[in-house]
Number of protein chains: 2
Amino acid sequence: MQDRAEELKSLLAKHMSEHNLKRTRQRDVILETFLRSDDHTTIDGLLEAVQEVYPAVGYATVYRTLRLFVAAGVAKERRFGDGPAMYEPAEPDHHHDHLLCTKCGRIFEFEDPIIEERQVSIAKGLGVRLTSHRMTLFGECIDKEACARHTRKR
Amino acid sequence: MQDRAEELKSLLAKHMSEHNLKRTRQRDVILETFLRSDDHTTIDGLLEAVQEVYPAVGYATVYRTLRLFVAAGVAKERRFGDGPAMYEPAEPDHHHDHLLCTKCGRIFEFEDPIIEERQVSIAKGLGVRLTSHRMTLFGECIDKEACARHTRKR
DNA sequence: GTGGATGCAAAGACTTTGCAGCTTC
DNA sequence: GAAGCTGCAAAGTCTTTGCATCCAC
């Protein structure tokens with residue numbers, strides 16, 4: 001995925017120059033850390049990782065930087081149910097949705113062209129031009145043992 | 001929909017007797033108001049309507065009563081993006097999803113068996129038994145005029 | 001220099017709960 | 001009476017912002 005990282009970096013650079021934004025050490029570190037991060041990081045999680053490199057960084061900076069990343073198309077914000085928002089590096093040209101196991105908390109990703117297509121025509125049928133959607137499935141792992149193994153792995 | 005209201009009332013009565021819960025005037029009024037309400041009420045909206053009949057009722061009571069309704073299967077909680085949670089009377093045996101116009105804020109409902117079916121098999125393919133899902137579509141009304149007419153109609 | 005960026009702390013927007021007093025069964 | 005409710009106010013969660021200071025351009 002090295003290519004993707006480069007792609008996202010230049011996407012951000014473009015956005016920043018177009019909007020007269022400045023490059024700072026904080027933003028560099030946050031970007032690097034974010035791109036390296038496991039998918040589905042929270043602000044807190046990212047902050048913690050960033051502070052290992054640059055301890056002075058504050059919550060608000062990470063918060064605002066993620067907002068910048070989202071605006072630049074570099075990050076996707078995901079709000080599953082209750083907890084804090086989660087962020088993952090964007091995948092230009094790809095879209096995926098999520099499936100959560102409510103027992104172990106694992107997050108699976110998938111994409112399905114049939115559903116996407118259906119959504120567009122459903123919207124059209126209601127007189128609406130579809131611009132985006134949010135879909136999350138919830139279920140329970142069929143393999144109980146694997147599920148238990150993942151439980152509480154925060 | 002008088003039948004549905006009766007059905008939900010007896011559903012709640014059953015849940016309450018099974019759990020040793022007590023019938024109070026507050027709960028009666030909240031239930032009546034809720035069943036009469038437009039779909040997609042917030043706690044605040046419902047509270048306001050309830051207070052027209054019974055002014056002493058407080059926010060916490062409506063909050064706790066809606067939690068009870070959800071547990072009894074009488075209400076569905078919907079969390080669209082940002083704002084407060086919205087509640088609507090449940091429709092036993094039916095499931096529907098929502099489509100929001102991001103311009104005028106109108107909420108359309110739909111159900112689609114093809115998507116539902118797909119979701120089950122996608123989950124199975126990932127080794128998960130599907131228990132529920134959340135899907136919200138976002139778009140913009142094609143009929144701009146109708147859209148403008150609905151804008152700001154809170 | 002100047003306008004954007006940062007950190008802190010405080011404020012918001014919602015949700016959830018502790019508790020004393022009141023009601024139902 | 002005892003177990004549940006209710007209302008109020010307070011505490012939680014997360015998110016968002018005001019502001020003085022700092023730094024990139």
Side-chain angles (χ1 to χ4, degrees), chain A residues 12-34 40-48 50-72 74-87 154, chain B residues 12-34 40-48 50-72 74-87 154:
Chain A
L12 180 62
K14 178 158 170 284
H15 178 91
M16 288 181 65
S17 76
E18 281 173 3
H19 293 260
N20 277 86
L21 304 179
K22 291 171 180 167
R23 182 170 180 178
T24 64
R25 182 169 167 214
Q26 283 87 336
R27 284 177 177 173
D28 282 348
V29 174
I30 293 171
L31 179 61
E32 288 296 340
T33 308
F34 176 63
H40 314 118
T41 329
T42 60
I43 294 180
D44 279 310
L46 186 54
L47 174 62
E48 206 173 309
V50 165
Q51 289 183 332
E52 285 177 18
V53 178
Y54 192 166
V57 173
Y59 181 97
T61 300
V62 173
Y63 167 78
R64 284 185 281 229
T65 303
L66 279 172
R67 183 208 270 158
L68 162 66
F69 288 178
V70 170
V74 166
K76 272 282 195 186
E77 184 184 270
R78 306 283 185 179
R79 290 171 182 269
F80 305 121
D82 277 1
M86 309 192 97
Y87 297 84
R154 65 159 320 205
Chain B
L12 180 62
K14 178 159 171 285
H15 177 92
M16 289 181 67
S17 76
E18 281 172 3
H19 293 260
N20 278 86
L21 304 179
K22 291 171 179 167
R23 182 170 181 179
T24 64
R25 182 170 166 212
Q26 284 87 333
R27 286 178 175 171
D28 282 348
V29 174
I30 293 171
L31 178 60
E32 288 296 340
T33 308
F34 176 64
H40 313 118
T41 329
T42 60
I43 294 180
D44 279 310
L46 186 55
L47 174 62
E48 206 173 308
V50 165
Q51 290 182 331
E52 284 177 18
V53 178
Y54 193 165
V57 173
Y59 181 97
T61 299
V62 173
Y63 166 78
R64 283 185 282 228
T65 303
L66 279 173
R67 181 207 270 158
L68 163 65
F69 288 178
V70 170
V74 167
K76 273 281 196 186
E77 184 184 88
R78 306 283 186 181
R79 291 172 181 268
F80 305 122
D82 277 3
M86 309 192 97
Y87 298 84
R154 57 159 330 201

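All chains are named by letter (A, B, ...) in the order of the sequence lines, taking the proteins before the strands, and each is independently numbered beginning at 1.
- At a threshold of 4.0 angstrom between heavy atoms, the contacts of A:Asn20 are confined to the sugar-phosphate backbone, with no base atom among them.
- Among the atoms of the strands shown, only primed sugar atoms or phosphate atoms (P, OP1, OP2) are found under 4.0 Å from some heavy atom of B:Arg67.
- Nearest to the side chain of A:Arg79, among D:dC5, D:dT16, D:dT6, sits D:dT16.
- Nearer to the 5' terminus of DNA chain C, by closest-nucleotide assignment, is the contact made by B:Arg64 (compared with the other of B:Arg64 and B:Leu21).
- For C:dT15, the OP1/OP2 oxygens have no side-chain nitrogen or oxygen of B:Tyr63 closer than 4.0 Å.
- For A:His19 and A:Val62, each mapped to the nucleotide of DNA chain C holding its nearest heavy atom, the one lying further toward the 5' end belongs to A:His19.
- The separation between B:His15 atom NE2 and D:dG4 atom C1' is 13 Å, rounded to whole Å.
- Here the side chain of A:Lys22 is nearest to one of D:dT15, C:dA5, C:dA9, namely C:dA5.
- Taking only side-chain atoms of B:Pro84, from C-beta outward, the nucleotide of C:dT15, D:dG7, C:dG7 with the closest atom is C:dT15.
- Mapping A:Arg25 and A:Gly83 onto DNA chain D by nearest heavy atom places A:Gly83 at the nucleotide closer to the 5' end.
- Rounded to whole angstrom, the span from the CG atom of B:Leu66 across to the P atom of C:dT16 amounts to 11 Å.
- Using modelled atom types, one side-chain atom of B:Gln51 and one backbone atom of B:Val57 make a donor-acceptor pair closer than 3.5 Å.
- Here B:Gln26 reaches the OP1 or OP2 of D:dG7: one of its side-chain N or O atoms lies under 4.0 Å away.
- Not one side-chain nitrogen or oxygen of B:Thr24 sits closer than 4.0 Å to the OP1 or OP2 atom of C:dT24.
- Within the cation-pi definition used here (under 6.0 Å to the ring centroid, within 45° of the axis), A:Arg78 does not qualify as a partner of A:Tyr87.
- Residue B:Leu68 contributes atom CG, which lies 18 Å from atom P of C:dT15 at whole-angstrom precision.
- Nearer to the 5' terminus of DNA chain D, by closest-nucleotide assignment, is the contact made by B:Ala56 (compared with the other of A:Arg23 and B:Ala56).
- B:Arg27 comes within 4.0 angstrom of the backbone, heavy atoms only, and of no base.
- Of the candidates C:dT15, D:dC8, D:dT15, C:dT15 carries the atom nearest the B:Ala85 side chain, counting heavy atoms from C-beta on.
- The CG atom of B:Leu31 sits 15 Å away from the P atom of D:dC5 (whole-angstrom rounding).
- Under the 4.5 Å side-chain criterion, counting only non-hydrogen atoms from C-beta, A:Leu66 is in contact with A:Phe34.
- Here C:dT23 presents its P atom at 17 Å from CE of B:Met16, a figure rounded to the nearest Å.
- A 4.5 Å side-chain heavy-atom check between B:Arg27 and B:Met16 finds at least one atom pair inside the cut-off.
- Using a 4.5 Å heavy-atom threshold, the side chains of B:Leu12 and B:Leu68 count as touching.
- Counting to the nearest Å, the P atom of C:dA5 and the CG atom of A:Asp28 are 13 Å from each other.
- Distance CZ (B:Arg78) to P (C:dT15): 16 Å, rounded to an integer number of Å.
- A straight line from CG of A:Asp44 to P of D:dT16 spans 14 Å, rounded to a whole angstrom.
- Although no hydrogens or angles enter the test, the distance criterion places no donor-acceptor pair under 3.5 Å between the side chain of B:Arg25 and the main chain of B:Tyr54.
- Between A:Tyr59 and the phosphate of D:dC14, there is no side-chain N or O to OP1/OP2 separation shorter than 4.0 Å.
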